[in-house]
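Lettering follows sequence order; numbering is per chain, from 1.
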2 protein chains.
Amino acid sequence: MDCRIKEEDSSGTNTSARTGEIAPELLDMGARARKAAAVYGAAGTGIKNKALLAVAAALERGRDTVLAANLEDCRKAEAAGTGPALLDRLRLDQSRLDGIIGDIRKVASLDDPVGTVLDSRVLPNGLSLTRRRIPIGVIGVIYEARPNVTADIASLCLKTGNVCILRGGSETLGTNREMVRLIKEGLAEAGQSPDLVQFIDSTDRALVSQFLRMDQYIDMIIPRGGSRLSALCRSVSTIPVIVGGFGISHIFVDESADLTRSVPVIINSKVQRPSACNALDTLLLHRSVAGAMLAELLPELERHNVSLVADPESFGILQALGCTRLEAAGPDTYDTEWLSMTLGIRVVDSLDDAIEHMRCHNATHSDAILTDSLENAKRFVENSGSAAVYVNASTRFTDGGQFGLGAEVAISTQKLHARGPMGLEALTTYRWICSGDYLIRN
Amino acid sequence: MDCRIKEEDSSGTNTSARTGEIAPELLDMGARARKAAAVYGAAGTGIKNKALLAVAAALERGRDTVLAANLEDCRKAEAAGTGPALLDRLRLDQSRLDGIIGDIRKVASLDDPVGTVLDSRVLPNGLSLTRRRIPIGVIGVIYEARPNVTADIASLCLKTGNVCILRGGSETLGTNREMVRLIKEGLAEAGQSPDLVQFIDSTDRALVSQFLRMDQYIDMIIPRGGSRLSALCRSVSTIPVIVGGFGISHIFVDESADLTRSVPVIINSKVQRPSACNALDTLLLHRSVAGAMLAELLPELERHNVSLVADPESFGILQALGCTRLEAAGPDTYDTEWLSMTLGIRVVDSLDDAIEHMRCHNATHSDAILTDSLENAKRFVENSGSAAVYVNASTRFTDGGQFGLGAEVAISTQKLHARGPMGLEALTTYRWICSGDYLIRN
């Protein structure tokens, strides 16, 4: 039987009219992915781990060709005038490749969530009901720059019985192509279909919009890029999308906070890796401690060359303290994810004002309160809306590795399906299994 | 602080350009819903139950005005030439209203999933990590006909700390308007914001497409209608959508099945309520038992006036058995959800062929195997892709009430977030709560 001629989404409506033309090679990839998923989804943990180790071995063997391809990508990028920061992100060397291969073996060693029983009971009529974790099916991932993402996604999907279709960034096309070639080699050696990991080997942007409408073949789309990519996926995709990786991170310094102990937490949240999505963007200060907090904090901020963008009140305090890197806040200040050594600062009247500020300024990712008041900690946790909320800890912890998930496919900032760091469990769904003795409904 | 002037989706990108104009009254509803959700989401179970009981009491008091409004809706529908089946679906009477009010009180008596800890641990660095269930936030529901849906959705959302914005069918506009008026009255009496349950009091279809792009205010869209509505939501919505309620339901009669005991299960799946989405659409017969099974089944099918659409092989068998209501299968037969007393029949060579047939014919909802072979039951369960898979039981059990969920907001046929009947738990998400002693990341 061949499903690929059918053009129906899972709601049964013919979509071809709605979605316009989709390139035949994409439809073919989708059909092969769906077919491979139907088989691999039922594979046991041992079989899946064997595939992972074979993939790691293949990359091990092929490391020279991967590094050669990456060198070529970097040359092109440099010639195209790519900045040093991005260049560093796409560059591979022996030790980074060791890390990538090691991570694949680590994923093999993690527990497999598939097959877990979520709940189970026997109904009065004798129907036995079990909710069991199963793979999602076919997962499409659109990402940029860092070539390690190719291996991360592939290994997490292979561990959970999912098939992935990857669409990497143009700047790492050669590196990704070579890595996927080796991954398929490893899969074949393990007796698995090379269709389990597929790669859109093209930089044609038109393909992305077509890819996003292949709801008859793809169950979930994960965009790993900036907010523009997420917005494109949300508006164009007919496939459920996990939006993530973006959000304004806040720290609120409560009136009861231990100011001296707060300094290192604020500094760590801001400077430990300013380009990360969980790095601090906006510091909210309770009016009663604003002056004292900034007096203790400023020397450390200046030592790390952090520039400040301040509301009138904190601006006045900072000016009086002789702050050099200082600007007045503008209309977009508190909606800006800095991803750099810049920090927004604002004085608020109360915990409720802080919560209201966060509610109005896209607090969806990671927010922290620094406080010694149990009551205020509780209220902050209950009322802040982010995926990860912190009490007296750095926002930098929002990370699959830090949370002990082993790895992450993304950090979800939406409400549906998964929130925060998405590990293996977030790559599963469940099925109701119902057994009876030729049982009918009355 | 006022968020309503901001036009940002949760990925922080300005959407106004992308989404075109959204009616101010819709944006206003959204802003009020978001604001109400921020407060009500932290309410305890006692407070939420109090609100539910006040809503039930208000509907109790206002039953005459509801019935009057419904009578008027039915008059208009009749005048517009609406068929008896649909008329029956939108008609309310004293006993149906009793049922609706009783269901609200029942929801009040159910366990509240919000606040449950999904998992919790302390990391080696001392960070204490807890994953806790919280409300989703603001839920948009687009539905048709049956006025009880208005009360069902409102009560399930109120129980789980969510705010809902309802868009009912034009044929029940008056009934829904009156019910929502009373629900708001009850909420006010319980000291809650009337914004917790909102109603788009218009039949203007253009508003639906605008509603579907309010991702800055709405967290989840549930379309409860036909497959066209689901497809519209998928293609237009920038908000995560739960697609459901549609799918081809299959029963596979395995060679080892007890044929005599299979008859009532097949009949129950088909005729107990043919208009339901979990009613049997396609009967797959293993070649080795096709003749014997049809011989036992046909008299019962004819007794219930079921018309059959058969592949060549079963057509031949049925003809030989003197079947009267018989047609030859066409290209769309096995992709048709009949919702009527029609049944598709096909003979297959093996369990694998049955699974392959289901994979190609939109098996996403409810499928059953009738078998006495443990091995085949296991293989069917592992390889069929539907939200609910049955062994020796009627597909008609796929229902929130039957599954003991108390009630349902929808039956999801997609992979993300929830599958099958969606009860209270499916109206929650989770948050990571992380506490440390002024802890930083190294």
message: Tell me the closest heavy-atom pair linking A:F397 and B:L439, and the distance in Å.
response: CE1-O, 3.7 Å
query: For B:Y334, what residues pass the ring-ring contact (aromatic ring centres under 6.0 Å, His included) criterion, not counting sequence neighbours?
result: B:H357
Determine yes or no for a side-chain-to-main-chain donor-acceptor pair under 3.5 angstrom, with [X] supplying the side chain and [Y] the backbone.
X      : Y      : answer
B:W432 : A:S366 : no
B:R431 : A:V381 : yes
A:Y390 : B:I433 : no
A:R261 : B:D437 : yes
B:Y438 : A:L370 : no
B:K415 : A:D219 : no

In terms of heavy-atom pairs under 4.5 Å, which option from [options] contacts chain B the most?
options                        : answer
A:I440, A:N442, A:T429, A:T336 : A:I440
A:C434, A:A393, A:S435         : A:C434
A:I267, A:N383, A:V391         : A:V391

query: Which pairs pass salt bridge (charged side-chain N to carboxylate O under 4.0 Å, His left out) with one or both residues in residues 380-398 of chain A, sequence neighbours excluded?
result: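 Qualifying pairs, neighbours excluded: A:K378-A:E382.
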task: Please examine the side chains of A:Q402 and B:R441, heavy atoms only from C-beta on, and report whether any two atoms are closer than 4.5 Å.
output: yes
